[in-house]
Amino acid sequence: MKTLVSILVLAVIAMTSAMANEQTIPLDRAPDRTRDLAALQRGARLFVNYCLNCHSANQMRYSRLRDIGISAPEVEDNLLFTMDKVGNMMHIAMRVDDAKAWFGTDAPDLSLIARARGRDWLYTYLRSFYRDDSRPTGWNNRLFENVAMPHVLWQLQGQRTLQSQEDNSTPDTILEFSGYRQLTSGTLSAIDYDSAVADLVAYLSWMAEPVQQQRRRLGVWVILFLSVLSLFAWRLNVNYWKDVK
């Protein structure tokens with residue numbers, strides 16, 4: 001019992017510490033592309049190429065990618081770069097000890113990250129990185145200050161830094177965020193990069209619950225069935241009590 005309580009206390013402390021680093025900035029609305037198979041396929045490619053090097057997805061099998069239109073041969077030819085097989089889970093080779101030594105913390109599993117954080121948070125987070133030479137990785141994030149993760153998509157977005165301006169509305173002059181300044185260009189334009197991030201977030205959302213579309217369709221039929229059943233139950237109740245004054 002004491003061990004369980006200690007684990008819960010440590011988990012709360014870790015969660016509180018992580019939340020303390022997060023900034024209260026408005027979240028950008030993420031486009032909902034969870035029903036777009038082409039977007040999900042592009043997002044899966046981005047996930048495998050850029051995220052799966054450090055972050056695992058231990059609750060997802062490569063074979064589930066067939067649900068979004070990627071065949072087993074396509075998975076083997078384009079998305080398997082190690083000795084993994086199509087039926088294997090999306091594990092990574094990097095050890096937890098190595099991650100802690102390189103980044104100061106272990107890289108979280110991303111299987112359920114979309115359910116834990118939400119699409120809007122992920123969409124804003126992946127578009128909020130900027131250069132910060134004071135950080136060990138050379139990168140920082142406006143939404144998650146002092147995050148250990150480097151900007152793995154920087155080649156697509158390019159490098160940029162924060163811009164600020166003085167806010168004299170208070171007695172103490174402070175610097176207020178006024179946007180980003182592009183330092184180097186990426187392989188994608190700003191619009192195309194936002195679209196790529198939307199595809200990646202859509203895939204993360206689908207991966208967190210691959211049957212969400214089936215669940216929604218089934219939910220409609222369940223509600224219709226319960227509605228009809230309620231009508232019959234109501235008429236039956238009226239018939240039972242019609243002679244009771």
Side-chain angles (χ1 to χ4, degrees), residues 11-12 14-36 39-40 42-47 50-52 54-55 57 59-60 103 105 107-132 135 137-165 167 169-170 174-183 186 188-210 212-213 215-216:
V12 171
M15 185 178 298
T16 304
S17 177
M19 293 178 63
N21 289 333
E22 296 181 24
Q23 304 301 300
T24 55
I25 66 174
L27 298 180
D28 298 325
R29 184 74 172 177
D32 186 1
R33 299 182 178 179
T34 53
R35 301 181 184 182
D36 186 341
L40 292 175
R42 293 191 298 267
R45 184 172 63 250
L46 287 169
F47 176 77
Y50 292 96
C51 303
L52 201 55
C54 299
H55 295 276
Q59 306 302 316
M60 173 61 59
F103 304 112
T105 183
D109 184 88
L110 298 183
S111 301
L112 302 175
I113 191 63
R115 299 196 69 175
R117 290 292 193 177
R119 286 202 313 266
D120 294 346
W121 192 94
L122 291 172
Y123 184 67
T124 306
Y125 171 73
L126 292 172
R127 296 165 56 252
S128 298
F129 278 95
Y130 63 92
R131 290 291 301 175
D132 185 353
R135 299 294 300 152
T137 62
W139 295 96
N140 209 330
N141 191 283
R142 185 166 174 261
L143 178 61
F144 198 137
E145 187 179 4
N146 296 332
V147 66
M149 173 181 164
H151 187 17
V152 295
L153 301 175
W154 73 269
Q155 291 178 314
L156 302 180
Q157 189 185 28
Q159 302 183 60
R160 59 183 187 169
T161 186
L162 290 181
Q163 284 186 320
S164 58
Q165 60 184 8
D167 182 5
S169 60
T170 59
I174 60 175
L175 294 178
E176 187 179 51
F177 171 75
S178 62
Y180 298 97
R181 180 170 62 88
Q182 199 74 26
L183 298 177
L188 299 178
S189 66
I191 295 177
D192 290 339
Y193 177 78
D194 289 349
S195 180
V197 170
D199 292 340
L200 177 56
V201 170
Y203 172 76
L204 292 172
S205 179
W206 172 83
M207 183 173 64
E209 189 182 0
Q212 57 184 285
Q213 300 303 330
R215 173 179 58 79
R216 291 172 181 172

Legend entry - Polar contact flag, side-chain donor to acceptor under 3.5 angstrom, T124-R117: no
Legend entry - Exam field: side chain D120 to backbone A30, donor-acceptor pair closer than 3.5 Å: yes
Inset, instruction - Can you establish whether the number of heavy atoms outside R115 located under 6.0 Å from its atom CZ is more than 12? - result: no
Would you list the atom pairs, donor with acceptor, under 3.5 Å between side chains in residues 152-160 and any protein atom, with sequence neighbours excluded?
| residue | atom | partner | partner atom | Å |
| --- | --- | --- | --- | --- |
| Q157 | OE1 | H151 | NE2 | 2.7 |
| Q159 | OE1 | R131 | NE | 3.3 |
| R160 | NE | F129 | O | 3.2 |
| R160 | NH2 | R127 | O | 2.4 |

Inset, instruction - Kindly give the heavy-atom pair with the smallest separation between T137 and A148, and that separation in Å. - result: CG2-O, 3.5 Å
Inset, instruction - Return the minimal non-hydrogen interatomic distance between G43 and Y203, and the atom names on each side. - result: C-CB, 3.7 Å
Inset, instruction - Kindly write out the residues that satisfy salt bridge (charged side-chain N to carboxylate O under 4.0 Å, His left out) with R45, not counting sequence neighbours, or none if the list is empty. - result: none
Legend entry - Check: M149 and F144 side chains under 4.5 Å, non-hydrogen atoms: no
Inset, instruction - Compare all side-chain heavy atoms of D194 with those of Y123 and state whether any distance is below 4.5 angstrom. - result: yes
Inset, instruction - Determine, step by step, whether F177 and I25 satisfy the side chain to side chain contact (heavy atoms under 4.5 Å, CB included) criterion, reporting the C-alpha distance in whole Å, the side-chain angles of both residues, the deciding distance to 0.1 Å, and the verdict. - result: CA-CA 11 Å; F177 171 75; I25 66 174; over 6 Å; no
Legend entry - Enclosure of R181 CZ (heavy-atom neighbours >12, cutoff 6.0 Å): no
Legend entry - L143 side chain reached by L27 side chain, heavy atoms, under 4.5 Å: yes
Inset, instruction - Might you point out which heavy atoms bring A196 and L188 nearest each other, and give the distance in Å? - result: CB-CD1, 4.1 Å
Inset, instruction - Would you indicate whether the side-chain heavy atoms of C51 and L200 approach each other to under 4.5 Å? - result: yes
Inset, instruction - Indicate yes or no: at least one non-hydrogen side-chain atom of Y180 is less than 4.5 angstrom from one of L162. - result: yes
Legend entry - Heavy-atom pair with the smallest gap, counting every atom of P31 and R119: O-NE, 4.5 Å
Legend entry - Sequence-distant partners of Y130, ring-ring contact (aromatic ring centres under 6.0 Å, His included), two or more places apart: none
Legend entry - Donor-acceptor contact present, side-chain R135 to main-chain N146, <3.5 Å: yes
Legend entry - Shortest non-hydrogen contact from T34 toward S205: CG2-OG, 3.6 Å
